[in-house]
Amino acid sequence: MDLNYTPAQTAFRAEVRAWMEAHVPKEPLITLECREGYDSHVEWERTLASGNWGMVTWPEAYGGRGLDLIQWLIFEEEYFRAGGPNRANQNGIFLLGPTIMEFGTEEQKQRFLTPMARGEVIWAQAWSEPGAGSDMAAISSKAIRDGDHYVITGQKTWSSRAAFADWGFGIFRTDPESKRHKGLTFILFDLNTPGITRRPIRQLHGDTGFAELFFDEVRVPVENCLAGEGQGWNVAMATAGFERGLMLRSPGRFQATAKRLVELYRTHEAEASPAAREAVTQAWMAAQAYAYNTYGVAAKIMAGGKIGAEASLNKIFWSELDRSMHRTAMQLLGAAAELKRFDDGRVNQWLEGYIFSLSGPIYAGSNEVQRNITAERLLGLPRVGAG
Amino acid sequence: MDFRFTEDQLTLAETVRDYLVGTHGPDVLRRLDAENARDPAIWQGLVDMGLTGLLVPEEQGGLGMGLLEAALIAAECGRACLAEPLVDTAFVGVPWLLAKGETGQLAAIAAGEIKLPLPHAINPWVADAPSRGNDELVSVDPLRVLSKGTGEDDPHLLNLAALMSAAQLVGLADAMLSQATEYAKIRTQFGQPIGAFQGIKHQLASCAVAIEFAKPVVWRAAAAMQEGLESAPIHVSHAKVSATDAAMLTAETAIQVHGAMGYTYEVDLHFWMKRSWALAGAWGSRAFHLKRVDEAVLGGTHAIGPEHTFA
């Protein structure tokens, strides 16, 4: 165990810091869950790409810098230190990208990864269906082979970024006779293909981040299938592992929130309760614990290890931490908590963050499902209904 | 930057674990409790493994290892609910004497001839004092031998002992989670193992989460103490709070999962629960350690934020 950075790692941090200080927008961007905010976030993706910061861990041949996971963590720490915006392309770079890296053909890597890293193609995910939420194996949307195309018919919902994104990915039933986990195929599709209708869903805060997708005999070339027909469930599980595990929520994000919470506490110290004080200290402790754990996971992967069901522990931890930090902030704000903008005109980011944090324990596999996975796959308890 | 134990360190911990599983199971705890006594053979076994000399320099007959190895093995002592004062003597007392430059007793400690009592102002008792008289105190933990007494307020001793208490607590928590999980697999009600019910699963999963995120805090604190970082006391306190919370949650969950059986002497769980209660309060309560973190973090004396992960 060596918890010191090498001189090269420290120099890399300085390089990231200098670039971020020069380029991160001085004012926070408005939410990416509306047209204007989405466009400004895509512009930011392209600014990042101009500095070659799109996805630092990918090989240079695919638009990355070929850096290791410790450098990625340093990058993320500096990104959140500087207050970098949310990543418009997170579904691409953090979920689909690693999946293509693992399962894609060389042709698919060439075709999809570089435009993803450069922010030229923004990706939406299309997992859930009206009848398949937590129970993803219940999906029924079909992709029927017709020559060198699949013909997709069905419906997806809660598709993050799909209101405005360029491409989407999801799993579809290519064997119409199949049930549950079998007969599914992972397919990438252009959201502007004829036959796709997007219906943005208005979220509880009034904006439209996700959408329903309707597929009416949509023709998608077979070369857009990842890892072969019938392999969809395995590929999707790998994607979910990336989502819940290392990549989607790096520790820097929560350490930055914890620091802002400490600063908020200091301005409200006179009227804050001892319970609020403890909650703020807990926020810092938990964010640090998450960071230590992530450094451990990164070291393990760099040594050739893998993350398995432990990813579920991660997902439970960060999503519940994020919610509790924002809840604490709302309590500290008191009567000002309900204001969408404070009287000095600043957006109440704690309110926006609190509302967003409520989705954390739901998306990427609800925390109830994560606790089932933990109990069954890490602790070895019998599956629900067994006996 | 490499937040991992080496293969050698993990192998060492595994060897200790296997040894304790084989020689220090629940039957031994029950026998010691029934006889209200210590068994010199257990101590001798630990001495023969070299554990009393783990941190003693090689020139004094020890293995010359560091606090990271000691913390890993302290967790194994917690997992086994070890009745002997190995952690106090060898993983707290030895580095404390070394830091003070007092090397006179080290060879005797490595040889297992001395068990070192550690009086401190923060505790109203002294564990494992060499002579026991009328001043005996009775712990809820039948395997802890306590006497009245107190000592100086030595900060380094406190930090070492709190760190090693935290390490034992994560091992205790691991063991209690495992006991509750195994019980949930075999106890059937309503025609199925109770572990198939989500009401049980989700409680045990929450313990797994708490333990998963307490352990790296303990290792980080051990590394900070080993390196002598100025911020080490904050990391020790963070570790003590996180490990205490994980162990208390797991203890309460484990008894709940065992149902009425968990309330009996017959089920082994109570040994581990009682040790957890004892260590939760020993060497600085949760409130004491939370306050130390709070004063540094909210008070602004410790650097925070994403760029200060290892401050």
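Keep in mind that the numbers below use all heavy atoms, side chains included, and drop hydrogens, waters and symmetry copies. Within every chain, numbering begins at 1; the chains are lettered A, B, ... in the order of the sequence lines, protein sequences first and strands thereafter. Here the structure is a predicted model, which means the values were calculated and not measured.
- Minimum interatomic distance between A/R266 and B/L298 (heavy atoms only, all atoms of both residues): NE-O, 3.0 Å.
- Classified by interplanar angle (parallel below 30°, tilted 30° to 60°, perpendicular above 60°), the ring pair A/Y292/B/F3 is tilted.
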Does A/W284 form a side chain to side chain contact (heavy atoms under 4.5 Å, CB included) with B/H302? I'd like the steps, not just the answer. CA-CA 11 Å; A/W284 177 80; B/H302 184 67; 3.7 Å; yes
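- Contact annotation for residues 163-184 of chain B against chain A (heavy-atom separation below 4.5 Å, listed by residue number): B/L177, B/T181, B/A184.
- Here the CD-CD1 distance, from B/E307 to A/I74, works out to 12.5 Å after rounding to the nearest 0.5 Å.
- Nearest heavy atoms, B/P306 versus A/R81: CG-N, 3.6 Å.
- Put simply, of A/F254, A/F317, A/F80, the one with the most heavy-atom pairs under 4.5 Å next to chain B is A/F317.
- Proximity to chain B (any heavy atom under 4.5 Å) is shown, for A/N367, by neither the backbone nor the side chain.
- Atom CG of A/L381 and atom CZ of B/F197 lie 12.5 Å apart (nearest 0.5 Å).
- To the nearest 0.5 Å, atoms CZ (B/F213) and CG (A/L321) are separated by 9.5 Å.
- Contacts between residues 8-22 of chain A and chain B, counted as heavy-atom pairs separated by less than 4.5 Å, involve A/Q9, A/R13, A/R17.
- Heavy atoms closer than 4.5 Å to chain B are found in both the backbone and the side chain of A/L379.
- Within 6.0 Å of CD in A/E271 there are more than 12 heavy atoms belonging to other residues, nucleotides or ligands.
- In terms of non-hydrogen atom pairs under 4.5 Å with chain A, the most contact-rich of B/H308, B/Q9, B/R286 is B/R286.
- Only the side chain of A/Y265 comes within contact range of chain B, judged by heavy atoms closer than 4.5 Å.
- Interface remark: A/Y290 contributes backbone and side-chain atoms alike to the contact with chain B (heavy atom separation under 4.5 Å).
- We find the CD-OG1 distance between A/Q288 and B/T309 to be 5.5 Å, quoted to the nearest 0.5 Å.
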Side chain to side chain contact (heavy atoms under 4.5 Å, CB included) between A/E278 and B/D294, worked out: CA-CA 8 Å; A/E278 178 167 343; B/D294 157 322; over 6 Å; no
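- Closest of all the heavy-atom pairs between B/K201 and A/E376 is NZ-OE2, 2.6 Å.
- Only the side chain of B/E227 has a heavy atom closer than 4.5 Å to any heavy atom of chain A.
- More than 12 heavy atoms of other residues, nucleotides or ligands sit less than 6.0 Å from atom NZ of A/K300.
- Contact of the B/T6 side chain with the A/M1 side chain is not registered, since no non-hydrogen atoms from C-beta on lie closer than 4.5 Å.
- For A/E368, the parts sitting under 4.5 Å from any heavy atom of chain B are the backbone and the side chain alike.
- Within the 4.5 angstrom heavy-atom criterion, only side-chain atoms of A/I70, from C-beta onward, approach chain B.
- With respect to chain B, the highest number of heavy-atom pairs below 4.5 Å among A/M285, A/E263, A/R260, A/K259 belongs to A/M285.
- Within a 6.0 Å radius of CZ in A/R180, more than 12 heavy atoms belonging to other residues, nucleotides or ligands are found.
- The contact list for residues 215-223 of chain B toward chain A, using heavy atoms and a distance under 4.5 Å, reads B/P216, B/V217, B/W219, B/R220, B/A223 by residue number.
- For residues 238-246 of chain B, heavy-atom neighbours of chain A at less than 4.5 Å comprise B/H238, B/V241, B/D245, sorted by residue number.
- The CD atom of B/Q226 lies 11.0 Å from the CG atom of A/L3; values are rounded to the nearest 0.5 Å.
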